[in-house]
Amino acid sequence: MERMIDIIGLLQIIIRLGVACRVVICLLKMNFNNDDGGVAENKMRIKNSLIFLVVAECAWGIKDLIFHYYDINLS
């Protein structure tokens with residue numbers, strides 16, 4: 001069970017870092033790309049990345065809520 005907890009923690013970190021990198025890359029592309037088509041496309045990518053982050057964080061929150069409700073201790 002200890003290994004599973006470590007994997008969950010690692011996934012949380014990877015997801016957060018991945019979304020942060022994706023947003024930074026899209027912002028850089030928007031900064032260097034002057035045409036309007038690229039800006040709207042990158043705004044949509046940023047929006048989708050942030051929606052993914054919210055959904056992922058909600059999943060971890062729901063897991064923690066269920067574990068607290070059923071009094072499951074993983075440590």
Side-chain angles (χ1 to χ4, degrees):
M1 196 56 134
E2 181 80 23
R3 181 173 272 167
M4 187 62 80
I5 295 170
D6 293 340
I7 291 172
I8 289 171
L10 183 64
L11 279 175
Q12 288 175 333
I13 293 169
I14 289 173
I15 287 173
R16 291 174 186 157
L17 286 176
V19 169
C21 290
R22 179 69 173 168
V23 169
V24 168
I25 288 170
C26 288
L27 286 173
L28 289 173
K29 283 183 180 181
M30 283 174 41
N31 192 23
F32 292 121
N33 195 1
N34 293 332
D35 62 345
D36 291 332
V39 172
E41 197 174 286
N42 284 313
K43 281 184 183 179
M44 183 60 82
R45 289 179 181 161
I46 291 172
K47 178 183 165 191
N48 289 340
S49 298
L50 294 176
I51 290 171
F52 172 74
L53 180 64
V54 169
V55 170
E57 291 297 323
C58 286
W60 305 128
I62 290 170
K63 178 200 66 93
D64 292 338
L65 183 68
I66 291 171
F67 281 14
H68 178 73
Y69 181 79
Y70 289 110
D71 199 25
I72 299 172
N73 286 331
L74 295 178
S75 53

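Each residue takes its place number in the sequence, starting with 1. Both backbone and side-chain heavy atoms feed into the values below; hydrogens, waters and symmetry mates do not.
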For V23 against S49, the heavy-atom pair lying closest together: CG2-CB, 4.4 Å
Interatomic spacing from CD in E41 to CG in N33 - rounded to 0.5 Å: 9.0 Å
Sequence-distant partners of E57, side chain to side chain donor-acceptor pair (under 3.5 Å), two or more places apart: R16
Shared hydrophobic cluster, Y69 / I72 (ILVMFWY, side-chain heavy atoms < 4.5 Å): yes
In one Ile/Leu/Val/Met/Phe/Trp/Tyr side-chain cluster, 4.5 Å: L50, I15: yes
Point-to-point distance, once rounded to the nearest 0.5 Å, from CD1 of I51 to CE of M44: 8.5 Å
Value rounded to 0.5 Å, distance of CZ in R22 from CD1 in I25: 7.0 Å
Euclidean distance, W60 CH2 relative to L11 CG, rounded to 0.5 Å: 5.0 Å
ILVMFWY cluster, L10 and M4 together (side-chain gap under 4.5 Å): no
Distance, nearest 0.5 Å, that separates CG of L65 from CD1 of I62: 8.0 Å
Beyond-backbone contact of I46 with M30, side-chain heavy atoms, under 4.5 angstrom: yes
Donor-acceptor pair, side chain of N42 and main chain of G38, under 3.5 angstrom: yes
Minimum side-chain heavy-atom gap V24-L28 below 4.5 Å: yes
Spacing of CG belonging to N48 relative to NZ belonging to K43, to within rounding of 0.5 Å: 14.0 Å
